[in-house]
There are 2 protein chains.
Amino acid sequence: MGQRDAEATRARILSAALTEFAAHGYSGGRIDRIARDAASNVRMIYAYFGNKSGLFDAALSDAIVRMAEEVPPEPSDLPAWVGELFDFHERRPEVLRICLWAQLERPDAASEPLGTYLAKVESVQQQASPAIGAVDLLVIIYAVAQAWHVAPVGLLAADTHASSTTRRAAAVEAVTRILA
Amino acid sequence: MGQRDAEATRARILSAALTEFAAHGYSGGRIDRIARDAASNVRMIYAYFGNKSGLFDAALSDAIVRMAEEVPPEPSDLPAWVGELFDFHERRPEVLRICLWAQLERPDAASEPLGTYLAKVESVQQQASPAIGAVDLLVIIYAVAQAWHVAPVGLLAADTHASSTTRRAAAVEAVTRILA
DNA sequence: CCTAAGTAAGTATCTATTTACTTATAGGCT
DNA sequence: AGCCTATAAGTAAATAGATACTTACTTAGG
């Protein structure tokens, strides 16, 4: 294990790719920058990931898997879960950003790793009411957790003395009321 | 007013730009395609809008203004308003898409036209509770209205027999409960 | 006939991808 | 053990195609 460590290089490239694509998206992301940031080489990227889209998809999957690990589905306490999702998005904004970008630029990419969350749907089913189905409930909770990240900046600026604490509380309270 | 109509050409370019940027984003959007789709010319785009970012910002502002006109703020009945917002996003997905893209690629662009919505904050103030402030409430409502457009595709696929009608009802119901 | 709308054909730069090359390292052979 | 070599890791430089933006020109119409 000297300077030649395939796994380590691969991991560095993946990490740099997440940063780059989260910041600039797929078509805005630059292979050269990723190679430089990873202290590696353009050629290695193609050796490991085939092409740009392969790299993007790998970075995306990696990010989703990481999220699924850090914020495991918790159907028994959905208000608590929205709080944890909120925290995660504050802690790791790159994950949400690359997901949003994937949604816009490559909507068909990496729907796979989502299986973890899908498994939760059934458990939620019982909490769902006739007015709001299980999947719709999850979709809404997911949206509430990231609401402040997709809200127009101009709107947020209106909140002169806002803190992430009060926002988090608002998200939890909203989901609590939805379930009431 | 023959074939030479500056206003009409400008409008065609703007419309084509909205379509293009909504589909591919700022850095993915192609000036040549916009010129072709507008049945105009690359040179005209630069004559009217200066450069690519000028064109993007113009298309974005135009879209936001159109939204503000079609779905006017209605603080007195927020559940009804979320329903109308939901309908608007179904009717004109380009507007939401270009807004999301602006959020990611050019977060500082075009916060101006949002003033219309900001004016509503005060009216909402009274409906806000200590747990959820006025701005946060608007942010959440805004997020719920577009929830199905930012939800991972894989999650939506789980909803085998979903319709926009039931989704709309879910959004309205969710906001109703939040306000209860 | 003069101004502004419109057109066509560049140009310089950028960027994904490849080709041709160098160096480290694991493992078989003596 | 110590050499030798096949293979995988790493590098540098070229290429081919896009793409934002310009320059030089043409034509409509008041």
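Treat the numbers as computed from the prediction; the structure is a model and nothing was measured. In what follows, chains are A, B, ... by sequence order, proteins preceding strands, each numbered from 1.
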>> Ring centres under 6.0 Å, that's the criterion: do Phe56(A) and Trp101(A) meet it?
In response: no
> Between dG10(D) atom P and Arg10(A) atom CZ, what is the distance in whole Å?
Replying inline: 13 Å
> Where along nucleotides 17-23 of chain D does protein come under 4.0 Å, by heavy atom, of base (B) or sugar-phosphate alone (S), with - for untouched nucleotides?
Replying inline: --SSBBB
> Can you name the nearest heavy-atom pair linking Ser40(B) to Arg12(B), along with the distance?
Replying inline: CB-NH2, 4.5 Å
> Does anything in residues 156-180 of chain B pair up under ring pair (Phe, Tyr, Trp, His ring centres under 6.0 Å), and if so which pairs, sequence neighbours excluded?
Replying inline: none
>> From CD1 of Ile13(A) over to C1' of dA9(D), roughly how many Å is that when rounded to an integer?
In response: 11 Å
> How long is the line joining CE of Met44(A) and C1' of dA16(C), in whole Å?
Replying inline: 16 Å
> Checking Arg106(B) against Tyr26(B): charged group under 6.0 Å from the ring centre and within 45 degrees of the axis?
Replying inline: yes
> Counting only side-chain N and O atoms of Thr9(B), is one of them less than 4.0 Å from OP1 or OP2 of dA5(C)?
Replying inline: no
>> Distance check needed: dA8(C) C1' versus Ile45(B) CD1, whole Å only.
In response: 15 Å
> Atom CZ of Arg36(B) and atom P of dG6(C): how far apart are they, to the nearest Å?
Replying inline: 19 Å
>> Just by distance, no angles: are the side chains of Glu94(A) and Thr19(A) close enough, under 3.5 Å, to form a donor-acceptor pair?
In response: no
>> So which atom in Lys52(A) and which in Gly29(A) form the shortest heavy-atom distance, rounded to 0.1 Å?
In response: NZ-O, 3.0 Å
>> Expressed as a whole number of angstroms, how long is the span from Leu55(A):CG to dA16(C):C1'?
In response: 12 Å
